[in-house]
Structure formats: structure tokens, C-alpha cells
2 protein chains.
Amino acid sequence: MENVQEIVFDKLSEKDIKPSFHRIKVLEYLMVNKNHPTVEQIYSSLKKLFPTLSKATIYNSLNLFVEKGLVQPITIEETELRYDSTVESHGHFKCDCCGLIYDFDIDVDSVAFSGLDNFIINNKEVYFRGTCRKCASVNQ
Amino acid sequence: MENVQEIVFDKLSEKDIKPSFHRIKVLEYLMVNKNHPTVEQIYSSLKKLFPTLSKATIYNSLNLFVEKGLVQPITIEETELRYDSTVESHGHFKCDCCGLIYDFDIDVDSVAFSGLDNFIINNKEVYFRGTCRKCASVNQ
DNA sequence: TATAAATTTATAATGATTATAAATAAAAAT
DNA sequence: ATTTTTATTTATAATCATTATAAATTTATA
């Protein structure tokens, strides 16, 4: 098993982000917790480790990460943004029952579409919604 | 050309929504203005017609429409929800330059994906982002 | 070590949405 | 037709995520 701290450090340096203590911890949290955490979740978890932490620092760090393309914000019918440290193309499934958001594999580039001639497409996202396996098996 | 009022009236009745004056006007606005308006846009436009209008009425109506499946809320990296009276499957393209959201045709059901075995999928949405034709031609 | 720059903190401000209760309008009952 | 009940709309306060701002702290540089 590789050292997460080290990977985080390299990722930040790669994108010319000064690897401050807090930034390392925020990105580390995102890479360890792949469950699309909210700002609140990140904040309350890290605050246990260093109680002087300010929520503004979480926002500062995340906004910087998004700006540099290290992290992508995802929104599915929520006002509360969630963040994903995986920027490679994949789909997001939101369970209406438990609220969890799952990643799934999808080849977005293979989808046929029309009506966007001369448009410049920088980003493609796919959102599915419904009931996840776990909830479906429990509430039947 | 058919009477929009009549279509709106029928759509509401179909979904067992009592067709009050305000509800008719809100849905009519959505059907005439297919540019994914925000609550603020709907509100300020209708307020010109009847100045006693309250913004809570817009929220009440829209939430009811969404609940009944008459309208779908769409969110692309925004905290401000936008609404679309077209519930048939199609993609949304958001222009990072002018902020407009365009519909485009896409056959979501033809996309191959994996990792959602035993999941119940109720809804599929595709979001593209980039620069629209108009902005691309102006800023070159 | 002193100075400058960057980062973090604390707090206030903003803005979208929801909650609540009063006011009004519509429907039903007598 | 009038009262009673129910539904809808209004006005306003509350909530909550996010951003802005400035002071405090830390880090880097001279």
C-alpha cells in the first residue's frame, strides 16, 4: 500500500498548488473518502483532528482545487455542492432513498447526440437517479 | 396555432393539479419560455402582469409541478435551480461564456454503462458544458 | 532577525429556498 | 344566499450554503 500523503503532495505540486498542511488534509480526505462528501462533512471530520480549523479554509481549498482541475464539483438537484477527486469520465448515480451518490462506468464519448454543431464541448456529465441496490433489497 | 391556455389547463388537470390562475400563469410561462428560466426570472416577469404576486407562489407552484412530474428541475453547478417543462429525455448544454442552457437531442438509453447491477434507474440526465456556437463565433 | 507574501481564521454579508401564519379566494354545506 | 370549511396566496421571518472581508497567523525571503 502506497503512502497517501505522498500521492497528495505530488498531486498538489503537479498543479502548482502550494502544499500547505490544510490543503494536504483536505485533498487527502477526498482521496480516502470517495463517497462524494459535502463541505460540511469534510469540515466536521477534519475539525476533530485540528479544532482551530475554519470552514472558510475548506471552501478556499476546494475552490482552488476545482479551479486547477484537481477535483470536480458535482450537483444533482441539490443546492449543496459535493466534490469528487476523480476527474476521469464516469457517471454519478444518486439514490433517492438513502441519498448516497455512486460512481459508475460509462463511455460518455460513445453516445450519439445532435444539435450542438459548432459548439465547443469541454465537459460531459451523466447523472442517473433512482434506488440503489442496498435500498432496493431492504425495502421490497 | 393552438391555444396555450387550453394546453396548460389540460396538462394541470391531467396531473390532478387544481388549475388556479397563478398556476396556469407559471406553467404557461414555462411552456412559452423554453430557456430554462430561474425562479427569479419567472417571478419578475409575471410580477409585471400582476404586481401583487408573491415569490412564494412561484416556489409553491414549481414544487408542486416537480412533485407531480410536470416539470423537471435541472442543476448544472449552480445553486440556483432552473426548470424545464420538457420532461422527455434530452441533454442540457451549459455555455460557460454566456450562461445560457441549450437542449440537445441524445439517446440516453443507447449508452453502455456498468456498475449498476440491481439498481433501479428512474431518471437519466446528461449535462455538457463548454462554449456555445454564438459565443464561439464572437470571441475568436 | 526583519520584512514581505501567503494562508488561515473569524465573522459578517449575500442570496436562494423553506417555514409559518395571516389574509384572501374558492368550494361545500346548510 | 349565507355560513362554514378548505385551499391558495401573500408577507415575512428563518434557514442554510456560500462568498467577502479584514485581522491574525504562518511561511518564505531578504
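Just so we're on the same page: letters track the sequence lines, and every chain starts at 1. All of these numbers come straight from a predicted model, not from anything done at the bench.
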Using modelled atom types only, decide if a donor and an acceptor are shared between the side chain of [X] and the backbone of [Y] within a distance under 3.5 Å.
X	Y	value
A:Arg23	A:Lys18	yes
B:Ser45	B:Ile42	no
B:Arg133	A:Leu116	no

Legend entry - B:Lys25/B:Glu28 ion pair, N-O < 4.0 Å: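 The answer is yes: the pair qualifies as a salt bridge.
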Between [atom2] of [N] and [atom1] of [X], the distance in whole Å:
X	N	atom1	atom2	answer
B:Gln41	C:dA16	CD	P	11 Å
B:Leu62	C:dT18	CG	C1'	14 Å
B:Glu40	C:dT14	CD	C1'	14 Å
B:Ile24	C:dA26	CD1	P	12 Å
A:Asn63	D:dA17	CG	P	16 Å
A:Ile58	D:dA17	CD1	P	14 Å
A:Lys18	C:dT7	NZ	P	5 Å
A:Glu67	D:dT19	CD	P	12 Å

Legend entry - Partner of A:Phe119 under ring pair (Phe, Tyr, Trp, His ring centres under 6.0 Å), chosen from B:Phe104, B:Phe128, B:Tyr102: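 When ring pair (Phe, Tyr, Trp, His ring centres under 6.0 Å) is applied between A:Phe119 and each of B:Phe104, B:Phe128, B:Tyr102, only B:Tyr102 qualifies.
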Inset, instruction - Just compare C:dT7, C:dT18, D:dT9 and give me whichever is closest to any side-chain atom of A:Arg23. - result: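 Between C:dT7, C:dT18, D:dT9, the one nearest the side chain of A:Arg23 would be C:dT7.
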Inset, instruction - Would you classify A:Thr57 as touching base, sugar-phosphate or nothing, given that sugar-phosphate means primed atoms plus P, OP1 and OP2, and contacts are heavy atoms under 4.0 Å? - result: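 Base contact - A:Thr57 has a heavy atom under 4.0 Å of at least one base atom.
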Inset, instruction - Sort out the partner of D:dA30 for me: Watson-Crick or G-U wobble, both distances under 3.5 Å, none otherwise. - result: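 Partner of D:dA30: C:dT1.
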[X] versus [Y]: any side-chain heavy-atom pair under 4.5 Å?
X	Y	answer
A:Leu12	A:Ile24	yes
B:Ile7	B:Asp10	no
A:Phe21	A:Phe50	yes
B:Lys124	A:Val126	no

OP1 or OP2 of [N] less than 4.0 angstrom from a side-chain nitrogen or oxygen of [X], does that happen here?
X	N	value
A:His22	D:dT26	no
B:Ser20	C:dA26	no
A:Asn60	C:dT8	no
B:Tyr59	C:dT17	yes

Inset, instruction - Determine, step by step, whether A:Phe113 and B:Val108 satisfy the side chain to side chain contact (heavy atoms under 4.5 Å, CB included) criterion, reporting the C-alpha distance in whole Å, the side-chain angles of both residues, the deciding distance to 0.1 Å, and the verdict. - result: CA-CA 9 Å; A:Phe113 61 89; B:Val108 181; over 6 Å; no
Show me the protein contacts with nucleotides 19-21 of chain C, counting only N or O atoms at under 3.5 Å.
none

Inset, instruction - Please work out which residues in residues 46-55 of chain B have a non-hydrogen atom less than 4.0 Å from an atom of DNA chain D and list them by number. - result: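 Correct list: B:Thr52, B:Leu53, B:Ser54.
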